[in-house]
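Heads up, the thing below is written out as C-alpha cells.
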Amino acid sequence: MPVKAWIHWLDENQEQGSRIHEALDYLIKNGIELQPPDACLTNCPGVIFTSDMTPAICEQLRHFSCNGQIQVLACCLKSIPTDAAWQLMEAGAADVLSCAECSKLVNEIMTRLHRWDRVDRMVNSPEVKNTLIGSSPSLKSILRQVVEVAHFSDSPALILGNGVRNII
C-alpha cells in the first residue's frame with residue numbers, strides 16, 4: 001500500500017527548485033503517493049521544504065500542521081542552526097531534517113513517512129479503536145506518541161495529566 005503525503009515548498013529559489021523536483025521524482029519512484037496541496041486539510045501527513053527559518057515560515061507551518069495536529073516534516077536543503085530547528089518544531093513540525101545532500105534527505109523523508117504510516121495504521125487498528133473511547137485530535141496525537149514508543153523502542157512512557165500518572 002503506497003504511503004500518501006502532500007508536499008509544499010516555501011520560498012523556492014531556482015537552485016533549490018531543481019533539487020526539490022529531483023527529490024519529488026525520487027519519492028514518487030519509491031512508493032510515495034503525492035497528494036494535492038489541499039490534502040493538508042485532510043489529516044494526511046506532509047513535507048515542507050524551506051531554505052530558511054522566518055516568522056512567515058513558522059506561520060505557514062502552523063497552518064499546514066493545524067497547530068501541530070497533522071504530522072508535517074520540515075526539510076531544509078542546507079544546514080540550519082539548532083535554535084531554528086526548535087522554532088520549527090514549536091511551530092508544529094513533527095520533525096525537522098536538514099541536509100545538503102538531496103539523496104540522503106530523501107531517504108530520511110521516506111523513512112519518516114513510512115514510519116508515520118505504520119504508526120497511524122496501528123493507532124487506527126480495530127484493537128485500538130475498540131479499546132479506547134474518544135477520537136479528538138489531542139488524543140490521536142498522544143496515541144501516536146505512545147504507539148511509536150511502544151513499537152519502536154524498549155523505553156517506558158510516562159503519561160501525565162489531570163491527576164493521572166500511568167507508565168506504559
Side-chain angles (χ1 to χ4, degrees), residues 1-53 57-58 60-82 84-89 91-129 137 140-155:
M1 185 160 101
V3 174
K4 296 179 181 183
W6 51 265
I7 308 255
H8 282 281
W9 43 90
L10 312 173
D11 69 354
E12 179 182 0
N13 62 40
Q14 198 167 32
E15 176 195 333
Q16 289 196 338
S18 65
R19 293 173 71 199
I20 291 169
H21 290 291
E22 175 188 335
L24 292 177
D25 289 342
Y26 189 81
L27 290 170
I28 292 167
K29 288 177 186 172
N30 286 280
I32 304 299
E33 186 178 303
L34 296 182
Q35 300 299 296
D38 61 348
C40 63
L41 305 174
T42 64
N43 291 332
C44 181
V47 179
I48 64 162
F49 287 94
T50 183
S51 60
D52 205 1
M53 205 298 300
I57 297 292
C58 286
Q60 288 178 306
L61 183 54
R62 279 186 199 89
H63 168 73
F64 291 134
S65 71
C66 294
N67 292 316
Q69 298 300 317
I70 295 174
Q71 293 168 305
V72 178
L73 187 56
C75 298
C76 300
L77 293 170
K78 67 176 188 174
S79 182
I80 60 169
T82 303
W86 282 111
Q87 289 176 3
L88 291 168
M89 297 280 288
D95 207 348
V96 178
L97 298 175
S98 175
C99 184
E101 191 177 324
C102 194
S103 63
K104 284 184 181 179
L105 185 63
V106 169
N107 284 330
E108 286 297 322
I109 292 169
M110 287 179 40
T111 299
R112 296 297 194 291
L113 291 174
H114 283 287
R115 184 172 176 150
W116 289 349
D117 182 61
R118 288 180 65 191
V119 168
D120 280 343
R121 280 189 276 135
M122 286 183 258
V123 166
N124 294 317
S125 70
E127 294 85 2
V128 173
K129 285 193 174 249
K140 279 215 172 211
S141 178
I142 291 168
L143 282 175
R144 279 188 187 118
Q145 293 172 30
V146 169
V147 166
E148 186 154 11
V149 168
H151 187 74
F152 294 104
S153 79
D154 293 330
S155 299

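- For Thr111, there are no side chain to side chain donor-acceptor pair (under 3.5 Å) partners at least two apart in sequence or on another chain.
- The side chain to side chain donor-acceptor pair (under 3.5 Å) check on Asn124 picks up Lys140, with sequence neighbours excluded.
- When all heavy atoms of Pro2 and Glu33 are compared, the closest pair comes out as CG-OE1, 3.3 Å.
- At least one donor-acceptor pair under 3.5 Å links the side chain of Ser98 to the backbone N or O of Lys78.
- The two residues Gly46 and Trp116 come nearest to each other via the heavy atoms O-CZ3, 4.3 Å.
- A distance of 11.0 Å separates CE in Met122 from CD in Glu127, rounded to the nearest 0.5 Å.
- Below 30°, between 30° and 60°, or above 60°: for Phe64 and Trp6 the angle between ring planes is between 30° and 60°, a tilted geometry.
- Annotation: side chain to side chain contact (heavy atoms under 4.5 Å, CB included) contacts of Pro81 (sequence neighbours excluded): Asp83, Ala84.
- Leu113 is listed as a side-chain neighbour of Val47, based on a closest heavy-atom distance under 4.5 Å.
- By the side chain to side chain donor-acceptor pair (under 3.5 Å) test, Glu108 is found to be paired with Arg112, residues two or more places apart in sequence or in another chain being considered.
- With sequence neighbours left out, the side chain to side chain donor-acceptor pair (under 3.5 Å) criterion links Gln69 to no other residue.
- Inter-residue side-chain proximity for Phe49 and Ile109 is flagged as met; some heavy-atom pair is nearer than 4.5 Å.
- For the pair Gln87 and Cys58, the tightest heavy-atom approach, listed with the atom from each and the gap, is O-SG, 4.0 Å.
- The side chain to side chain contact (heavy atoms under 4.5 Å, CB included) test applied to Ser153 returns Val149, Ser155, not counting sequence neighbours.
- Taking CG of Leu73 as the start and OG of Ser65 as the end, the distance is 12.0 Å to the nearest 0.5 Å.
- A 4.5 Å side-chain heavy-atom check between Leu27 and Ile7 finds at least one atom pair inside the cut-off.
- A 4.5 Å side-chain heavy-atom check between Ile80 and Thr50 finds every atom pair outside the cut-off.
- Scanning all heavy atoms of the two residues, the minimum distance from Ile70 to Pro45 falls at CG2-CA, 4.4 Å.
- Counting all heavy atoms, side chain and backbone alike, Ile57 lies closest to Leu88 at CG2-CD2, 4.1 Å.
- Rounding to the nearest 0.5 Å gives a distance of 11.0 Å between SG of Cys66 and CG of Leu61.
- A 4.5 Å side-chain heavy-atom check between Asn30 and Asn107 finds every atom pair outside the cut-off.
- The CG atom of Leu34 sits 12.0 Å away from atom NZ of Lys4, with the distance rounded to the nearest 0.5 Å.
- Residue Gln71 holds its CD atom at 4.0 Å from CZ of Arg144, rounded to the nearest 0.5 Å.
- The shortest side-chain heavy-atom distance between Arg115 and Arg118 does not fall under the 4.5 Å cut-off.
- Within the 4.5 Å cutoff, the side chain of His114 has heavy atoms near those of the Ile32 side chain.
- Side-chain contact between Val119 and Phe152: present, with at least one pair of heavy atoms (C-beta onward) separated by less than 4.5 Å.
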